[in-house]
Amino acid sequence: MVNFKCANCAGEMAVSRIGDLKCPYCGSRQFFNDHELQEYKMFRKRILEYLSAAADDESAEGYLECLWSDYETEVLTDKNGTDITIQYIYKSIEEGISMYAARRNVIYIFPKDKSQMADMAVRQLSEVTFPQADMKGLRRSFPDFAGKYELADERVMLVYSKDENLHPVAMFGTLPAKHVEWIISRLENIACVLAFCDKCHGGITREAVYINTKTHEAALYGNWHKAGEQINGAKQDIKDIRMVATALLGEKYGDAPHPLIEFLESKPRENAYEDFEMWDKVIEEELGGRHFTKFTM
């Protein structure tokens, strides 16, 4: 699968449960042709079968193999003439930078004129630090850098390692509110780590966020080239969390619980810590508290 841009406003379009495309920003709709729609429905069917099995079964290995039974392949060549084969189930392109969701890796390819952004991404990620008592295991919410490669056509490829059960949240289309809620919680945790490092990520999007539906973990893999020093309590990251959650609700936005809608439409607090505190109160006092909800669609 590849992502789609709105022809009207260039926003990232969300795929609904029925397979059409709706822009969460201007409301424009686009539709797949019959062949594209059938491909999407089959792809989504495999995803849902895998996710359902993963929620019930300790391994769900058979369903994971099923999910990966119809991957796409792209062959690249490095500067030494060695072929590099990428097998992926999801691809997106933003601002000329390609992202591939492979089974155990996330791969970014920067065009020649943006190759310096690859170095920026590596540097920014290397500067992320964690509180001494990382009780929530937040290190798992950030990618492990696995390598940088120069390609024959002078593009640059960055490779991150990932757990095979982590998938880009954009791959699922729209989601029920009960799942969007735990994704918000994880992203608010990530924003607090960034604030602890005095950083603003500046690129939290659906393509940048990966989730594990079995463990309810989230990881921020994308757009590290946009990260930088957090200046004057920058609010970009906590604004972007609201944008991601809104896009994930898609056409079901109006059916979401009122406290969730109020939070998404609220003005972000001055910093990530205060914003997390506000969200925590919404969870505990208005949305029934914290409890693990098995992933279902």
Side-chain angles (χ1 to χ4, degrees), residues 1-33 36-52 55 89-94 99 101 166-188 203-213 216 218-223 237-266 268 279 282-283 287 293-297:
M1 281 186 68
V2 66
N3 68 345
F4 295 86
K5 296 290 185 180
C6 176
N8 184 49
C9 72
E12 295 177 7
M13 301 192 78
V15 184
S16 77
R17 292 181 180 83
I18 62 172
D20 68 336
L21 296 162
K22 181 178 180 181
C23 179
Y25 308 105
C26 71
S28 298
R29 286 186 177 272
Q30 295 180 26
F31 298 89
F32 293 118
N33 61 39
E36 290 171 330
L37 183 59
Q38 185 61 28
E39 285 188 343
Y40 172 77
K41 286 183 175 179
M42 289 300 296
F43 178 76
R44 185 167 175 80
K45 180 175 182 290
R46 288 197 303 273
I47 291 174
L48 298 183
E49 286 174 344
Y50 160 68
L51 295 176
S52 177
I89 57 172
Y90 185 86
K91 175 183 178 181
S92 67
I93 303 173
E94 185 176 3
M99 181 276 287
L166 278 169
H167 305 288
V169 72
M171 199 170 77
F172 306 129
T174 55
L175 293 173
K178 60 186 177 181
H179 301 315
V180 174
E181 289 167 9
W182 66 255
I183 292 171
I184 293 172
S185 294
R186 302 301 172 263
L187 294 180
E188 288 278 341
I204 299 177
T205 64
R206 288 182 302 136
E207 272 70 28
V209 175
Y210 280 57
I211 61 170
N212 183 327
T213 59
H216 285 194
L220 184 56
Y221 276 93
N223 293 331
D237 292 339
I238 49 182
K239 289 180 181 178
D240 287 345
I241 290 171
R242 287 163 167 77
M243 293 287 285
V244 168
T246 298
L248 290 176
L249 288 170
E251 81 279 4
K252 295 295 185 181
Y253 183 85
D255 298 330
H258 185 65
L260 173 58
I261 298 299
E262 278 193 327
F263 174 80
L264 295 179
E265 296 180 354
S266 68
W279 172 244
V282 173
I283 288 287
L287 290 173
T293 303
K294 187 174 73 173
F295 195 91
T296 58
M297 298 295 290

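The distance from the CZ atom of F172 to the CG atom of L248 is 10.0 Å, given to the nearest 0.5 Å. Separating the CH2 atom in W279 from the CD1 atom in I241 is a distance of 10.5 Å, to the nearest 0.5 Å. In this structure, I89 CD1 and M171 CE are separated by 4.0 Å, a value rounded to the nearest 0.5 Å. Considering CD1 of I211 and CD1 of I183, their distance stands at 4.0 Å, rounded to 0.5 Å. The distance from the CZ atom of R206 to the OG1 atom of T246 is 11.0 Å, given to the nearest 0.5 Å.
Taking the side chain as every heavy atom from C-beta outward, E94 and N223 approach each other to under 4.5 Å. S92 has its side chain within reach of M99: a pair of non-hydrogen atoms, C-beta onward, lies under 4.5 Å apart. Between L249 and T174, every side-chain heavy-atom pair lies at or beyond the 4.5 Å cut-off.
Contact detail for L175 and V169: the closest heavy-atom pair is CD1-CG2, 4.1 Å. Smallest separation of non-hydrogen atoms from I204 and V244: O-CG2, 3.6 Å. The nearest pair of heavy atoms linking V180 to A245 is CG1-CB, 3.7 Å.
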Pair up each side-chain donor or acceptor in residues 256-266 with any protein partner under 3.5 Å, not counting sequence neighbours, and list the distances.
from	atom 1	to	atom 2	distance (Å)
H258	NE2	E262	OE2	3.2
E265	OE2	Y253	OH	2.9
S266	OG	R242	NH2	3.2
S266	OG	F263	O	2.6

